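The block underneath contains the structure these notes are about, expressed in structure tokens.
Values reported hereafter were calculated over all heavy atoms of this structure, with side chains retained and with hydrogens, waters and symmetry mates removed. Since the structure is predicted, the reported quantities are computational estimates derived from the model, not experimental observations. Residue numbers run from 1 in the order of the sequence given.
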Amino acid sequence: MKKLISVLLSVLLIFSCASAAFAANETKEKTPVIVVSGMGTFPLYDSDTGESVFPPSAETLVTNILKLVPSLSAAVLLNKWDILGKYGAKPIHDFFEKMKCDENGNSVYNIAPPLFPESAGNYDEFKDDEATKGSERGVVRAISEKIGWDRTYFFYYDFRRSALDIADDLNEMIENVLKETKSKKVSLVAMSFGGTVTTSYIYKYGSEKLHNVVFASTAVCGTDIVGKLFSGNIEIELDAVLNYLEEFLVKSDFAYELFGLGESTLAKYGKGAKKAINAYLKAVIEALKEPVYSKVFMDTFIRFPGIWGLMNCEYYEKAKEQMTSYGSLSESFIKKTDEYAYNVGMKTEEIIKKAESNGVNVYFTGAYGYAGIPITEGSRNHTDTLIDTYLMTGYAKVADYGKTLDASSYSHEKACSDKTHNHVSTDGVIDASVCILPEKTWFVKNMSHVEYGREHDSGKLLVWIATSEKAVDVRTDPRFPQFLSLDRNSGKCTSLTENVEIPSDSSQADKNFLSKLDEWLSKIVEFIKTHFFKAK
């Protein structure tokens, strides 16, 4: 009997050592992850002077605002906004001076972004507690803490360039990561503009080296605002401005009171006041439209090839016609934007489904609960303050801001692989059944653009998807149902998915522990049976 006990103890000791070794090497077995950044995570610098050109320095900002004061004052006092268009365009143009590109889309100045070719553990930028609370930096840190600092990478670039050219640099990083980590595949977490870079990469280089691809609040299907602005469709109405501001002003007690006073005043004086204000805004737009496009945007945004990748491609042809009326774009520039629009932007769904058919786990996460930026008709869309919800989630059906969907329009049978699944949020705003990937698309209400807080449930959702070694979907983990609502103060999410309640962290931890214990006990029993009780 003592011999048997000794044998069993030896076996348990062996498994304890094996368990420790397994834990030590677990992160080395994880697929490395590259976070493909969006715009503005880090500044773009003038390589000659070291000056930050995007965002511009405080000195540049103040200097050019002061230059605007005379023409702005005259325009307001005389109610002649063409004065601002004539004399105010230059200070605005000077504000973006260092960002200028020529008609070929090449930078006029020697501008460069900071680059991060090594794994995240080599950079203090991803370890600062305050700087990594949320957004791309926070995602890098959270993933690093999950799979290892030496297996997490961050890809940054000059967003003015074409996504097709940036994809070449991403390919180089992927090759270096595979070589450095001795892995066969990598996972990509594309954020914001990073979605256009990622689909451009797959278009040019295929998906054979990819494990997971997560489109996290990306412009993978474009944005409504860029399409409309480049098509000359500008609209500013008071209600849209108030809707947009409300989400921000409620964070300040004083601003909220001021906002409430303004709303009550408008309600008191009725539609007449709104009509007068809207007419005034329309007159301002008409006076400023031509000088802003021709004297400000032509040297900057219109000549950024990358910005054209942020366009919902249904506007592409109209935008080319409209923008070339304000200035010249070279043949090579148009050729580059054509290639992206026709072969990537208009074929996004085809590219994604082809990658999925090749064994890549493709996922979408997005947000809603904010009105669109109030300078086009897109202000009626649900957004994450910047990108339209229906576009960032692969064409989900989304109600207009402040409204709900017609219940009779639910159409999960058209797209969902299991026709019994309900893909409508309980608040009646989202129908995910018509998404590119309805079973692999998550929505977080009240989360602003890429606000995947490191300590928030929204951030935990993203890390879980990005680092999963097996394919998951909206029914895999009860903590992360398809529709979530974020409490931005606590960081906790509640469920907006029908018949789903999110378990507390403790109950989920208990389940994980019991599952792991059961797994190891089964291995121990199997080992003993195999090696000590073989049939004679």
Side-chain angles (χ1 to χ4, degrees), residues 32-47 50-56 98-99 101 105-107 109-128 130-144 149-178 180-181 186-202 204-205 210 213-220 304-307 309-310 386-387 449-452 454 459 462 466:
V33 175
I34 300 173
V35 176
V36 183
S37 178
M39 299 166 58
T41 307
F42 292 95
L44 298 181
Y45 292 99
D46 184 328
S47 298
E51 176 189 4
S52 172
V53 299
F54 183 85
K98 287 293 185 74
M99 295 287 286
C101 287
N106 298 319
S107 182
Y109 294 90
N110 187 17
I111 306 302
L115 300 178
F116 304 88
E118 300 180 48
S119 58
N122 292 285
Y123 305 101
D124 292 337
E125 288 89 341
F126 304 115
K127 297 178 180 179
D128 179 83
E130 189 65 30
T132 60
K133 283 185 175 180
S135 244
E136 287 96 330
R137 294 200 211 188
V139 170
V140 172
R141 178 169 172 174
I143 292 175
S144 297
W149 288 92
D150 60 339
R151 300 186 76 76
T152 309
Y153 295 78
F154 182 74
F155 179 69
Y156 199 51
Y157 46 84
D158 182 345
F159 60 82
R160 296 175 303 164
R161 299 167 58 210
S162 167
L164 293 164
D165 293 335
I166 299 170
D168 296 334
D169 297 335
L170 177 57
N171 177 63
E172 183 177 340
M173 171 171 264
I174 289 173
E175 294 294 341
N176 290 338
V177 169
L178 292 175
E180 186 174 310
T181 61
V186 301
S187 291
L188 302 180
V189 178
M191 306 191 73
S192 194
F193 183 79
T196 71
V197 175
T198 298
T199 47
S200 294
Y201 165 81
I202 298 172
K204 294 185 78 170
Y205 295 98
L210 304 180
V213 173
V214 186
F215 292 102
S217 302
T218 73
V220 63
F304 295 171
I307 297 297
L310 292 175
L386 188 60
I387 299 179
H449 188 54
V450 296
E451 190 186 14
Y452 296 94
R454 185 161 51 86
L462 184 56

Looking at [X] and [Y], would you say the former's side chain and the latter's main chain have a donor-acceptor pair under 3.5 Å?
{"X": "Y205", "Y": "N171", "answer": "no"}
{"X": "K133", "Y": "G138", "answer": "no"}
{"X": "S52", "Y": "P55", "answer": "yes"}

Would you please indicate if the ring centroids of Y153 and F155 are separated by under 6.0 Å?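 Centroid separation for Y153 and F155: 6.0 Å or greater.
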
Using the ring centroid of each side chain, check whether Y123 and F154 are separated by less than 6.0 Å.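 When the ring centroids of Y123 and F154 are compared, they turn out to be at least 6.0 Å apart.
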
Distance (rounded to the nearest 0.5 Å) between [X] [atom1] and [Y] [atom2]:
{"X": "T199", "Y": "L164", "atom1": "OG1", "atom2": "CG", "answer": "8.5 Å"}
{"X": "R454", "Y": "T132", "atom1": "CZ", "atom2": "OG1", "answer": "4.0 Å"}
{"X": "N106", "Y": "R161", "atom1": "CG", "atom2": "CZ", "answer": "10.0 Å"}
{"X": "L178", "Y": "M173", "atom1": "CG", "atom2": "CE", "answer": "11.5 Å"}
{"X": "M39", "Y": "F54", "atom1": "CE", "atom2": "CZ", "answer": "5.0 Å"}
{"X": "I143", "Y": "R151", "atom1": "CD1", "atom2": "CZ", "answer": "13.5 Å"}

Once you measure the plane-to-plane angle for F116 and F42, does it fall in the parallel (<30°), tilted (30-60°) or perpendicular (>60°) bin?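 Plane angle between 30° and 60°, so tilted.
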
Write down the atom of [X], the atom of [Y], and the distance for their closest heavy-atom approach.
{"X": "P114", "Y": "P43", "answer": "CD-O, 3.1 Å"}
{"X": "I166", "Y": "D158", "answer": "CD1-O, 3.6 Å"}
{"X": "V140", "Y": "A120", "answer": "CG1-CB, 3.7 Å"}
{"X": "K98", "Y": "R160", "answer": "O-NH1, 4.2 Å"}
{"X": "I387", "Y": "A219", "answer": "CD1-N, 3.8 Å"}

Worked verdict on S37 versus F159 for side chain to side chain contact (heavy atoms under 4.5 Å, CB included): CA-CA 10 Å; S37 178; F159 60 82; over 6 Å; no

Evaluate the side chain to side chain contact (heavy atoms under 4.5 Å, CB included) criterion for residues Y157 and V197: first the C-alpha distance (whole Å), next the side-chain angles of each, then the deciding distance (0.1 Å), finally the verdict. CA-CA 10 Å; Y157 46 84; V197 175; 4.2 Å; yes

Contacts of R137 that satisfy salt bridge (charged side-chain N to carboxylate O under 4.0 Å, His left out) - sequence neighbours left out: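 Testing R137 for salt bridge (charged side-chain N to carboxylate O under 4.0 Å, His left out), a comparison that skips the adjacent residues, returns none.
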
Which residues pass the salt bridge (charged side-chain N to carboxylate O under 4.0 Å, His left out) test with K204, not counting sequence neighbours?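 Counting only residues at least two positions away or on another chain, K204 forms a salt bridge (charged side-chain N to carboxylate O under 4.0 Å, His left out) with D168.
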
Review item, side-chain donor-acceptor pairs of residues 187-196, under 3.5 Å, at least two apart:
| unit_1 | atom_1 | unit_2 | atom_2 | d |
| --- | --- | --- | --- | --- |
| S187 | OG | N212 | N | 3.2 |
| S192 | OG | H449 | NE2 | 2.8 |
| T196 | OG1 | F193 | O | 2.9 |

S119 and N122: side-chain donor and acceptor closer than 3.5 Å?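 Yes.
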
Would T198 and T218 satisfy side chain to side chain contact (heavy atoms under 4.5 Å, CB included), going step by step from the backbone distance to the final call? CA-CA 10 Å; T198 298; T218 73; over 6 Å; no

What I'd like to find out is whether the side chain of E136 reaches to under 4.5 Å of the side chain of Y156, using heavy atoms alone.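 A side-chain contact under 4.5 Å is absent here.
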
